[in-house]
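Working notes, beginning with the structure itself.
Because the structure is a prediction, the values reported are computed rather than measured. Scope of the values below: all heavy atoms of this structure, side chains included, with no hydrogens, waters or symmetry mates. Each chain gets a letter, A, B and so on, in the order the sequences are listed, and its residues count up from 1.
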There are 4 protein chains.
Amino acid sequence: MTKYKSGEWTKQQIIDATFRLIADKGYDDMSIEDIMNEVGKTKGAFYSHFQSKEDLLYELMRTKLDRKFDEIAEKTLNKLKEEPCDVREILLQLLEMVYQGSTGSDPVWSATYYQFFLMSRKNPFIREWLQEQYREWESFMATVVRRGQELGQIRSDIEARVIGNLLIAAFQGYELRLIVDPKADLFEERKLVESFFR
Amino acid sequence: MTKYKSGEWTKQQIIDATFRLIADKGYDDMSIEDIMNEVGKTKGAFYSHFQSKEDLLYELMRTKLDRKFDEIAEKTLNKLKEEPCDVREILLQLLEMVYQGSTGSDPVWSATYYQFFLMSRKNPFIREWLQEQYREWESFMATVVRRGQELGQIRSDIEARVIGNLLIAAFQGYELRLIVDPKADLFEERKLVESFFR
Amino acid sequence: MTKYKSGEWTKQQIIDATFRLIADKGYDDMSIEDIMNEVGKTKGAFYSHFQSKEDLLYELMRTKLDRKFDEIAEKTLNKLKEEPCDVREILLQLLEMVYQGSTGSDPVWSATYYQFFLMSRKNPFIREWLQEQYREWESFMATVVRRGQELGQIRSDIEARVIGNLLIAAFQGYELRLIVDPKADLFEERKLVESFFR
Amino acid sequence: MTKYKSGEWTKQQIIDATFRLIADKGYDDMSIEDIMNEVGKTKGAFYSHFQSKEDLLYELMRTKLDRKFDEIAEKTLNKLKEEPCDVREILLQLLEMVYQGSTGSDPVWSATYYQFFLMSRKNPFIREWLQEQYREWESFMATVVRRGQELGQIRSDIEARVIGNLLIAAFQGYELRLIVDPKADLFEERKLVESFFR
DNA sequence: GATGAATGAGAGTTCATTCAT
DNA sequence: AATGAATGAACTCTCATTCAT
C-alpha cells in the first residue's frame, strides 16, 4: 500500500531517539545532530520529516505521551469491571505502569515528562496540552477512586475527586524524587495507597 | 542601608537577576548577557564575580535555596515548641511559606527549583545537593509529624517518616501543577492535610 | 486547447511559475520548492525537465524575454511601414508594450529583467546575452528614430543611434523608478518623447 | 577621548569590505564569513558591531550612499553660485562624480546601488529610503536645470522638473548598461546633455 | 571592577541536487 | 514523469568565555 515506508520508519526512529535523548540531556541540550547521529542519517534528513525542532516535540507528545495515557486508562478501566475487584491492587498496578518506561524502570519517562512542565512556561501550546492532560488524569482517577468507595474499599468521607488529585500529586512528587535519586525505594508509595483504605 | 559591601553588591544583583530570569526563561535560555542587561553592566563584568555560568548556579543554590529551607525550618520548629500547639495549623502555614516566592505567590520558586531537578541528571554536584535537600526535608517533616502524633493530632498507625514523605511528595506534585496552571485552587491541599487528622 | 504537448506542459508551467516568482522574490530567494509548490508537483519532478536552477534561467530567457523583444520589434516595424506614419505615436505605443507585463501593468517585467543585470556580473553567459539584447535594441531603436528623421518628425541634428540610445536609457531609468514607486506617474515619459520632436 | 577606537575601525572595515563584496557578488551571495575573511577577523566578531546582516545594509546606506549624495549636491550647488557659470559643464562634471566610485571608475557603485532596487521589492524600509532618494535627486536636479534656464543655457519650453527627471532616468539607464558592458563609451551621455542646450 | 572587542564552537535551518522506486 | 527520502554544504546567528585596556 505504502510506496515509501522507509519514510515512516525513519520518522519513528527520530522520535524514539529523541525520546531517549530528551530524557538524557534535556530538550535544549539535545541537538538535531545528536538525534540524527543516533538515527544514522544526516542532519538535513531531519527536515524531510519534521518542520522544526519544535514540531518534533509536538509529534513526540502526540505519539508517545498521549498514547501512553490512553493505554494505561483503558487497561485500568477494564480491570475495574472484573469481579472480584480489588481497587487497592489495581491502583498499585497503575503505579507500576506509570513508572515503567518502555525501556524498563529507569526514570526516562519522568525526565521527559518534566521537560514539558518547564517548557510550558514559555510555550502556550504545551501549557494547554498539559492542562488537558491534568483534566484527563483528574477525571480518570476520580472514576477509579469512586469505584473503590462504592465497593467499600476506600474511605467515603472524602470526595473521590480530592483523593484522586492527592494521588496524582503524590505520584508526581515521587516521580520527581526518582529523577534525583533513581534508587529510592518505592515501598512508601504502597503504604501511601494503603492509608486510604479501611 | 546597603546590605552588602560595595564589591558584593554587584554580585548579589547578579544572583537576584538570575533568580528572576531562571524562573522566567530557564537556565539554558537565559544568557549571561540577559543577566547583565538586567544588572546594567556589560557581559565582561560578569566574570569579575563568577568563574562561569555554572559557578553562578551553585552560588544561587547556596545563597537563595539553602537559606530558604533554613528559614522555614527554623520558624516551624519554634512554633512546635509553643503551647498550645496546633500541628495541623502549623502544617498549613508551612505550606504557605513553601509556596510563596519572594515576589508573592506566583510560581517563581517552583520553576526555579525544578530547573535543578532536570540539571541533576547531567550534573552530579546538583544531584547530590538535591539528595541532601531531600534528606533534610525528610528528617524535618518527620519531626513535625511525630510531634503531631505525640499530641494525638495525627493518626499513629503509620510511621511519621512515611507520612512526612507523602506530604513532601504531594506538596511537590501540587507545586508542579501550579507551574502548568497558576490559577489552580489550593483548597484541595488543605483537605489533604486534614485527611490525616483524627 | 492545450498549447503544448503533455510533456512540455509541465515544463511550461514551471517557466511561468518561475517568471512570477523571480519578479516577486528574486532569483536567490526563490527556491525550487517554491516553484514546484506553485506548479503542484514535488521538488524532484523539477529535475525531469531542467538540469539545474541555472538551466531554468536560460530557458526563461529564451522563451519569455527573447520572444517579447521579437514580438515588440515586429509589431513596431510593421507600423513604420504604414501610411500615414506618426513615429511619435508609435514610440508611445512601444513604451506601453515594454512596460506592460503579462499580468497587466505592474512592474513584474522590470523586476525580472533587472535580476539578470545583477546576475550578469558573475555569469558570463547572461552578460553576453544582455549585451546582445542591447545591440538588438540599439539597432532597432535607431531604425525607428531614423524613420522619424526621414519623415521630418524628429530633429536631425543628432545621430539616430544617439537618440535611440538615449531613449533606451531613459526608458530603463523610468522602469527602474517604477520598481521603487509603482504608482509613479508616466506623464513625464510622454513629455520626454515629445521633446525630441519639432 | 575614545577608549576603544579599534571598534570603530573594524566597523568601518566591515562596511568597506561589504561595499566591495555586495557589488561583486550581490547581497544574497555575500556571506558574513566572506566579509570577515576580508576584514581578517572571525565570523563572531561581526556581531559585536552589527545586529544582523540586514542591519549592516542599513548602516551601509547611511554611511556610504547618503553621504555620497550630500557630497555631490553640495559641490554642485556651490559651482552654480560661481560667475561665470557654465551649467552644461557643471552637469558633465556631476555625471563624472556619480559614475566614479571610491575605487575609481569601475561600476562598483552602480551594482551596489541596484541591489537596493531589487531589495526594495521585499523590504519596505529600503523602498522608502529609495523613494526619499528619488525625491532628493528630483528636487536637486530641478534646481540645477532651472539655473540653466535662467541663464538661457537650457531650453525653457519644458519644465525644469521634467528635464531633471529625464536626466536622472537617462543617467540611471546608462549606469545600468555599464553593469552589463563596463567598457561602453560615455560619449553618448555628453551628447545627451548637449541636446538640451541651445 | 568594568569595558568593549574578539573568539570559536555549535546551533537550527535552507536548499540545490541525487537517486531508487 | 514523478515521488519522497536523503545528502552535504552553506548560511545566519548565539553565546560562554577570554583578555588587553
Would you mind telling me which residue lines up with the more 5' stretch of DNA chain E, Y27(A) or Y27(C), judged by nearest nucleotide? Y27(A)

Figure out the CE/C1' separation between M36(D) and dC11(F), and round it to whole Å. 16 Å

Take Y47(C) and Q51(C) through the test side chain to side chain donor-acceptor pair (under 3.5 Å) and record every step on the way to the result. CA-CA 6 Å; Y47(C) 290 89; Q51(C) 286 181 19; over 6 Å; no

Report the distance from atom CD of E8(D) to atom P of dT21(F), rounded to the nearest whole Å. 19 Å

Looking only at side-chain N and O atoms, does T10(B) come under 4.0 Å of OP1 or OP2 in dA2(E)? yes

Looking only at side-chain atoms of H49(B), point me to the closest of dA5(F), dG1(E), dA16(E). dG1(E)

Donor-acceptor contact below 3.5 Å, side chain K53(C) vs main chain Y27(C): yes

In whole angstrom, give the distance that lies between atom CZ of F46(D) and atom P of dT14(F). 11 Å

Nearest-nucleotide pick for E33(A), side chain only, options being dA11(E), dT7(F), dT12(F): dA11(E)

Is there a donor and acceptor pair closer than 3.5 Å between the side chain of K41(C) and the base of dT3(F)? no

So, F117(B) versus Y114(A), ring centres under 6.0 angstrom or not? no

is_close_aromatic(W129(A), Y58(A)), centroid dist under 6.0 Å: no

Closest to the 5' end of DNA chain F, once I32(D) and D28(B) are matched to their nearest nucleotides, is I32(D)

Assuming nearest nucleotide by heavy-atom distance, tell me which of K43(A) and K43(B) is located more 5' along DNA chain E. K43(B)

Determine whether a donor-acceptor pair (N or O, by modelled atom type, separation under 3.5 Å) exists between the side chain of E38(A) and the backbone of A17(A). no

Between the base of dA6(F) and the side chain of S48(A), is there a donor and acceptor pair under 3.5 angstrom? yes

Counting side-chain heavy atoms from CB outward, which of dC15(F), dG12(E), dT12(F) is closest to S31(A)? dG12(E)

Over how many whole Å does the gap from D55(B) atom CG to dT18(F) atom P extend? 12 Å

Whole angstroms only, please: what is the NZ-P distance between K25(C) and dT14(E)? 11 Å

Rounded to the nearest angstrom, tell me the gap between atom CG in N37(A) and atom P in dG8(F). 13 Å

It should be established whether T42(D) places a side-chain nitrogen or oxygen under 4.0 Å from OP1 or OP2 of nucleotide dA6(E). no

